[in-house]
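To start, I am sharing the structure in question, which I have written as structure tokens.
Here is the naming used below: chain letters follow the sequence lines, and residue numbers restart at 1 for every chain. These numbers come from a predicted model, not from an experiment.
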Amino acid sequence: MELVLDIISWIFLVTGCFFCLTGAVGLLRFPDFFSRIHAASITDTLGAGLILIGLMFQSGGWGLVMPKLVLILLFSLLASTTASHAIAKAALKSGLKPEVSSADEPSEGESSSKL
Amino acid sequence: MSDLFAVVMLSGIYSLISASLFLDLDAVDVAFTEASVGAGISTLLMLASLKLVSRYQKKTRYKPILAFFVVVTTGAMLIYGTLDMPHFGTADAPVHTHVAPRYLNESMGEIGVPNVVTSVLASYRGYDTLGETLVIFTAGIGVMALLMVSKQTKQESKKLIPADMQQQIILRIVAKMMIPLILMFALYVQFHGDYGPGGGFQAGVIFAAGIILYTMLFGLSTSQEVFKATTIELFTAAGVLLYGGVGVVCMLLGGNFLDYDFLKHDPVHGQHLGILLVELGVGITVASVMMIIFFKFTWRTVKHKYKK
């Protein structure tokens, strides 16, 4: 039983760490602000969330630690997503436009030919 | 760096990092204070004051060579001063030989509070904490005196002034869910300070942060229906009075100033009661001073906006 819990817990922990890592890479490598904030919020939600779930399996039963971890998870899911939303909205409102790649953007010639 | 917004953010990050350093050094109470006061409320208050002044620093016309010289000299002297200090973690440093062992060994028997930090802060070092509370009280009075609100503005305040973030539905809904929890957590920190990390300072700051969040999202006039300016001003003084009053009661009952042993027949029970009341006083003062500072800043902004 202990072994099974340990394995599940480590799967969650390692996946969480992986998402933290991808979030960090994305934060450095993505081209514009909005895709970067997307990467950063993945670190907060998926990364930290999965690590917290992994820790819940390690906490050893329904003690005092488990509810605290659940509360931290709920709080971080609520707060960090809202914060990312607010930051992105503030950026949009102050005039920062998302960068669209040239393949997605219909250029003048194409749009007129399709029409 | 002339972008003051970035400066404020960097100082917040610095506070948060130093909070985790304190946590690493096992100073949980200090880390908690640093995170809530340094990273939390002071960043918030600095942002509120940035709203009053402009975001970018004015260009200076002179080169501040003298100021640079003063800073460098003072820094060098401070570093030179640390050379005389005992090495970090030495067993025979004054910190470890003077009063600390006595506090750690006797606290449980004399005061009976599991969290030694609280017993040192509120009982052994009660005078110092009274001084700190008075400092915060004075800061509140200073802001009140500098940013006086005229009678006319008070009349205008009767009208409902919409908040800047009236349109932010997601923020408003999430905040509505969180604010009761924040206030409850503040009370938990306040009354659980004897047993775990926490106490009046952190609790007051967290409580004020909840109210400030509400004010930002739902408007100043809505939140001032509950927290009227005059009431908070009274509470600022009431907290300090409660603290000092406990001390005076101790004197009347035959002890020294802030000697809680005399509050009840049993010294340990007296200490418990004294610490609880004193921490409550600290919490009330800190919370109301923080709210007053934020409200005054916001008034100033609103006044500028609606005068035009």
remark   = Of A/Thr81, A/Thr82, A/Leu71, the largest count of non-hydrogen pairs under 4.5 angstrom with chain B goes to A/Thr82
Residues, nucleotides or ligands: over 12 heavy atoms within 6.0 Å of A/Leu28 CG = yes
message = Is it true that, when you exclude B/Ile170 itself, more than 12 heavy atoms of the residues, nucleotides or ligands shown sit nearer than 6.0 Å to its CD1?
response = no
note = When the 4.5 angstrom heavy-atom criterion is applied to A/Ala79 and chain B, the contacting part is both
ask   = Would one find more than 12 heavy atoms of other residues, nucleotides or ligands at under 6.0 Å from atom CZ of B/Phe235?
value = no
Within 6.0 Å of CE in B/Met9, more than 12 heavy atoms from elsewhere = yes
query = Between CG of A/Leu78 and CE of B/Met177, what distance do you get to the nearest 0.5 Å?
reply = 4.5 Å
